[in-house]
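These notes are about the structure you will find just below.
We name chains A, B, ... by the order of the sequence lines, and we start the count at 1 in each one.
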Amino acid sequence: MLDAKFIRQNPDVVRQALVNRQSATEPLDEFLELDEARRRLLTESEGLKAERNRESEEIAKMKRAGQDAAAEIARMREVSDRIKELDAQVKEIEERLDLVTLNIPNVPHPTTPVGKDAADNIPIKTWGEPRKFDFDPVPHWEIGPVLDILDFERGSKITGSGFILYKGLGARLERALFSWMLDLHVQKHGYTEVFPPFLVNRQSMIGTGQIPKMEEDMYRCNEDDLFLDPTAEVPVTNIHRDEILSAEDLPIYYTAYSACFRREAGAAGKDTRGLLRVHQFNKVEMVKFTTPETSYDEHEKLLQNAEEVFQLLEIPYRVLLLCTGDISFAAAKCYDVEAWAPGVGQWLECSSCSNFEDFQARRANIRFRPDKGAKPEFVHTLNASGVALPRTFIAVMENYQQADGTIVVPKVLRPYMSGVEVIGKG
RNA sequence: GGAGAGAUGGCUGAGUGGUCGAAAGCGGUCGCCUGCUAAGCGAUUGUGGGGCCAUUAAACCCCACCCCGGGUUCGAAUCCCGGUCUCUCCGCCA
């Protein structure tokens, strides 16, 4: 969330941000109105409280001196009643104010291009040459069942559409992918591996910004008010919720595997075939906590770490700089990494690499002390998928397919598959 | 799931209605002293909000915060109710 003071002092900046994001500006107007009312009521209430505190001390003194304080007590009873009224109003306003503030998105960074929707995202880089096939490459949803490594029908039977059963070397390939990615980030890029809970509470979801805006898209356990992780970003960023870190601790790098669960409400029917858009998937995530000064340098390095996954897999990819109309609610700047999938003939988003600046840190109250004895400041949080599995799995299958229908295993994954070089039939 | 105990500042820990934003110790910071390391002495040391956001900030004043939310009271860390978490024991279970 944004700093209330910042909004109050820079309403025009926030208004422009909302316009650039194609978002409604009413929440801003409501904020300004409620904020003004809150301060007005607070001033009155606190003035009365100051009086009450003074007077209560007098009463205590009088009682100790054996004097009668009945008149003072009677008067203070009235003051207290008035305070109670005012505080009730303040509380109501603050509740609404919190809700409004939680629904105002981050202000995009100046380098985030202004644009309407995904069509205005800017391609900034392409890596690798799409392979030339001497046969027609087929989509993964045809390869998978033939090789008996993906079973879409049984996944649907067990749970429903969008839930996949991986089998045999398919299951093995999936496991190889995330094991290898974790090792890469831990051993080569210096991240600390964590294995978080897959269910998180409401406070954690609010901390990273999925709630309240996206609550309908989350799987939820009503009895316990817990949510299934939509991404490891949630539990991992919340590791340091309500903490004050010391400057020497920063930057902190975490990487985590988690299963991810998304209802994908409203996305039904679009690009949902095969593994393109599923309700449960595996992902390796990278999360950083940094000082404000270094976050944009760290953001570039984070992108490189995500890109390297595809470089080592030898899969062509491109990088997009997202525009204001397509960037997520909490992000100030975001790159997408899209892998080339020749079977479906599409670039597939496999990683989003975001700098949230202090937007999540303020929500989750994650601070650091710049120097010993200095006032705590909010950290900057960043994260990137490193990377999401299903579409990477697609890219591996479709880029490495052969004319006979088999799949060559990328070299870097072979040690993770007991040396298997080709996934064949049977 | 049942029973019991507990939750106080960076940490340990005292405090059962007013003089408590909170003793004491440890730790941190600053200064003094000591011919080294160490010790000693003195001072200082929480967070958020409002007043003023007008160019930042400081100073100053006020309010709130002793796990969270309600209540009683002129006045609550302290009394009452509800909840959360931690620990111990019992039960159940992969």
Legend entry - Summary of protein contacts for nucleotides 64-79 of chain B, nucleotide by nucleotide, where a base hit scores B, a sugar-phosphate-only hit scores S (4.0 Å, heavy atoms): S-----S-S-BS----
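Contacts between residues 6-16 of chain A and RNA chain B, defined by a heavy-atom separation below 4.0 Å, involve R8(A), Q9(A), listed by number.
Residues meeting the salt bridge (charged side-chain N to carboxylate O under 4.0 Å, His left out) test with D87(A), sequence neighbours left out: K49(A). In this structure F356(A) satisfies the ring-ring contact (aromatic ring centres under 6.0 Å, His included) test with no other residue, sequence neighbours excluded. Residues that satisfy the ring-ring contact (aromatic ring centres under 6.0 Å, His included) test with Y257(A), not counting sequence neighbours, are F178(A). Residues satisfying the side chain to side chain contact (heavy atoms under 4.5 Å, CB included) test with A118(A), not counting sequence neighbours, are N121(A), D326(A). By the salt bridge (charged side-chain N to carboxylate O under 4.0 Å, His left out) test, R262(A) pairs with no residue at all, sequence neighbours left out. H185(A) is linked by a ring-ring contact (aromatic ring centres under 6.0 Å, His included) to H189(A), Y191(A), counting only residues two or more places apart in sequence or in another chain. Shown here are the side chain to side chain contact (heavy atoms under 4.5 Å, CB included) partners of H279(A), two or more places apart in sequence or in another chain: F163(A), Y219(A), E264(A). Partners of H240(A) according to the ring-ring contact (aromatic ring centres under 6.0 Å, His included) rule, which considers only residues two or more places apart in sequence or in another chain, are Y254(A), F289(A).
Nucleotides G17(B) and C74(B) are separated by 12 Å at their C1' atoms, to the nearest Å.
Base pairing in RNA chain B gives the following stems of 3 or more Watson-Crick or G-U pairs, range against range and under 3.5 Å: B:1-7 with B:84-90, B:10-12 with B:24-26, B:27-32 with B:40-45, B:46-51 with B:60-65, B:67-71 with B:79-83.
Between R40(A) and E36(A) there is a salt bridge, with a side-chain nitrogen of the basic residue lying less than 4.0 Å from a carboxylate oxygen of the acidic one.
The stretch residues 356-368 of chain A participates, sequence neighbours left out, in these salt bridge (charged side-chain N to carboxylate O under 4.0 Å, His left out) pairs: D358(A)-R362(A).
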